[in-house]
Each structure stands twice: as C-alpha cells, then as structure tokens.
Amino acid sequence: MTARQSMGYIGTVPSEHSSGETIRWGGITKTGNAHIRRIIIEVAWLQRHKQMLSRAVKLRQERLDPEIQEIALKAMHPLHDRYFRLTARGKSKQQVVTAVGRELLGFIWAIGILVERKNAA
C-alpha cells in the first residue's frame with residue numbers, strides 16, 4: 001500500500017469531478033474509515049501549538065527505534081509550520097487541519113513501512 005492509497009483508505013483525498021478535459025477538485029471524499037479519520041483530524045488540531053517534547057515523552061521515545069524517532073522528530077515542526085502557512089494564506093481552519101492531517105498520515109505511513117520492513121527482515 002502506498003501513502004496515497006492509505007490516505008484514500010482513510011478518506012482524506014480530494015474528490016474529483018471530471019468531464020472531458022475539465023477537472024474540478026472538491027472537498028475530501030470521506031470514504032473509508034471514519035474513526036481513524038476523526039482521530040487524525042483531532043491530532044492535527046494540536047499542530048496549532050508549537051510542539052515541545054516533555055520529559056515523559058523523551059523517556060518513552062528512548063525505547064523506540066532511532067529511525068522511528070527521526071521520522072517523528074522530522075514531522076513535528078513541518079506540520080506546525082504548514083498549519084500557520086495555510087492559515088496566513090486565508091484558508092479556513094477546517095481546511096488547514098484537514099491538510100495537516102493528510103500530511104500527518106504520510107509520516108504515519110512512513111513509520112508503518114519502516115516497522116513492516118524491519119519485521120520482515
């Protein structure tokens with residue numbers, strides 16, 4: 001499964017209305033797993049705040065694979081920055097959070113692929 005397929009499964013891809021050579025993009029499809037989509041959107045709302053690692057989180061992360069830690073740290077600041085860039089462009093907060101949630105799914109997908117490959121080896 002690719003990252004795009006996982007985003008489609010969760011229903012965070014834009015709908016498309018096509019006729020001939022005209023293509024119009026709409027809102028997200030909302031097909032797929034509504035429970036996971038709701039959780040991802042709730043987590044995306046947290047990106048409004050600058051993410052800081054608490055002592056408890058740092059201790060928990062020490063038990064993780066270093067590559068997984070790297071992906072998680074790589075996701076923190078770009079998601080927060082994307083939230084504010086899209087807000088500054090005048091997008092509605094719901095659109096911004098959906099876009100951030102979709103990007104978050106990409107990072108989650110990358111961690112899942114890494115774990116899958118390590119377990120297969």
Side-chain angles (χ1 to χ4, degrees):
M1 180 181 282
T2 65
R4 186 172 285 170
Q5 288 172 329
S6 67
M7 291 171 193
Y9 172 74
I10 295 172
T12 58
V13 293
S15 61
E16 177 184 320
H17 306 284
S18 324
S19 177
E21 294 190 22
T22 304
I23 298 175
R24 292 194 177 136
W25 298 99
I28 63 170
T29 59
K30 296 184 184 174
T31 58
N33 195 319
H35 182 68
I36 294 174
R37 187 173 53 253
R38 184 182 62 80
I39 291 169
I40 293 297
I41 297 302
E42 288 294 324
V43 172
W45 274 108
L46 296 174
Q47 301 311 314
R48 293 175 295 169
H49 309 291
K50 195 81 166 161
Q51 300 297 312
M52 304 298 272
L53 291 179
S54 67
R55 188 168 160 246
V57 171
K58 286 179 184 177
L59 290 172
R60 244 189 343 251
Q61 282 189 345
E62 286 178 2
R63 293 179 282 173
L64 294 175
D65 185 287
E67 292 177 77
I68 293 173
Q69 288 180 27
E70 183 181 331
I71 293 171
L73 287 173
K74 205 185 292 185
M76 277 177 46
H77 299 294
L79 292 173
H80 175 73
D81 294 343
R82 182 164 172 88
Y83 180 91
F84 279 99
R85 272 196 323 270
L86 290 173
T87 304
R89 285 178 37 193
K91 297 288 185 184
S92 71
K93 288 185 179 182
Q94 290 82 6
Q95 285 180 316
V96 171
V97 168
T98 302
V100 169
R102 186 167 188 254
E103 192 165 331
L104 175 63
L105 280 170
F107 286 110
I108 292 170
W109 176 82
I111 289 172
I113 291 298
L114 181 68
V115 169
E116 190 176 84
R117 286 183 183 153
K118 289 205 180 244
N119 287 342

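The first residue in the sequence is number 1, and the count goes up from there.
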Can [Y] be reached from [X] by stepping across I, L, V, M, F, W or Y side chains whose heavy atoms are under 4.5 Å apart?
X	Y	result
Trp109	Leu104	no
Ile10	Met1	no
Met7	Phe107	yes
Val57	Leu79	no

Can you tell me how far apart CD1 (Ile36) and OH (Tyr9) are? Round to the nearest 0.5 Å.
5.5 Å
How long is the gap from CZ on Arg55 to CZ on Arg60, to the nearest 0.5 Å?
13.0 Å
Are any non-hydrogen side-chain atoms of [X] and [Y] less than 4.5 angstrom apart?
X	Y	answer
Glu62	Leu59	yes
Lys50	Met76	no
Lys30	Arg37	yes

Derivation of the side-chain contact (heavy atoms from CB on, under 4.5 Å) call for Val13 and Ile28:
CA-CA 5 Å; Val13 293; Ile28 63 170; over 6 Å; no
Would you name the heavy atoms of [X] and [Y] that are closest together and state the gap between them?
X	Y	value
His49	His80	O-ND1, 3.4 Å
Pro14	Gly26	CB-O, 3.6 Å
Ala99	Leu86	CB-CD1, 3.7 Å

Can you pull out every salt bridge (Lys or Arg N to Asp or Glu O under 4.0 Å) where at least one residue sits in residues 91-112? Sequence neighbours excluded, please.
Arg82-Glu103
Scan for salt bridge (Lys or Arg N to Asp or Glu O under 4.0 Å) pairs involving residues 106-121, sequence neighbours excluded, and state none if there are none.
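Those involving residues 106-121 are Asp65-Lys118, Glu67-Lys118.
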Taking everything shown except Arg48 itself, do over 12 heavy atoms lie less than 6.0 Å from its CZ?
yes
Run the side-chain donor-acceptor check on residues 38-47: report pairs under 3.5 Å with partners two or more places apart or on a different chain.
none

State which residues pass side-chain contact (heavy atoms from CB on, under 4.5 Å) with Leu64; sequence neighbours excluded, sorted by chain then number.
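For Leu64, the residues satisfying side-chain contact (heavy atoms from CB on, under 4.5 Å) (neighbours in sequence not counted) are Gln61, Ile68, Gln69.
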Under the side-chain contact (heavy atoms from CB on, under 4.5 Å) test, residues paired with Thr87 that sit two or more places apart:
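Testing Thr87 for side-chain contact (heavy atoms from CB on, under 4.5 Å), a comparison that skips the adjacent residues, returns Tyr83, Val96.
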Suppose the criterion is side-chain hydrogen bond (donor to acceptor under 3.5 Å, both in side chains): which pairs have a residue in residues 11-23, not counting sequence neighbours?
Glu16-Ser18
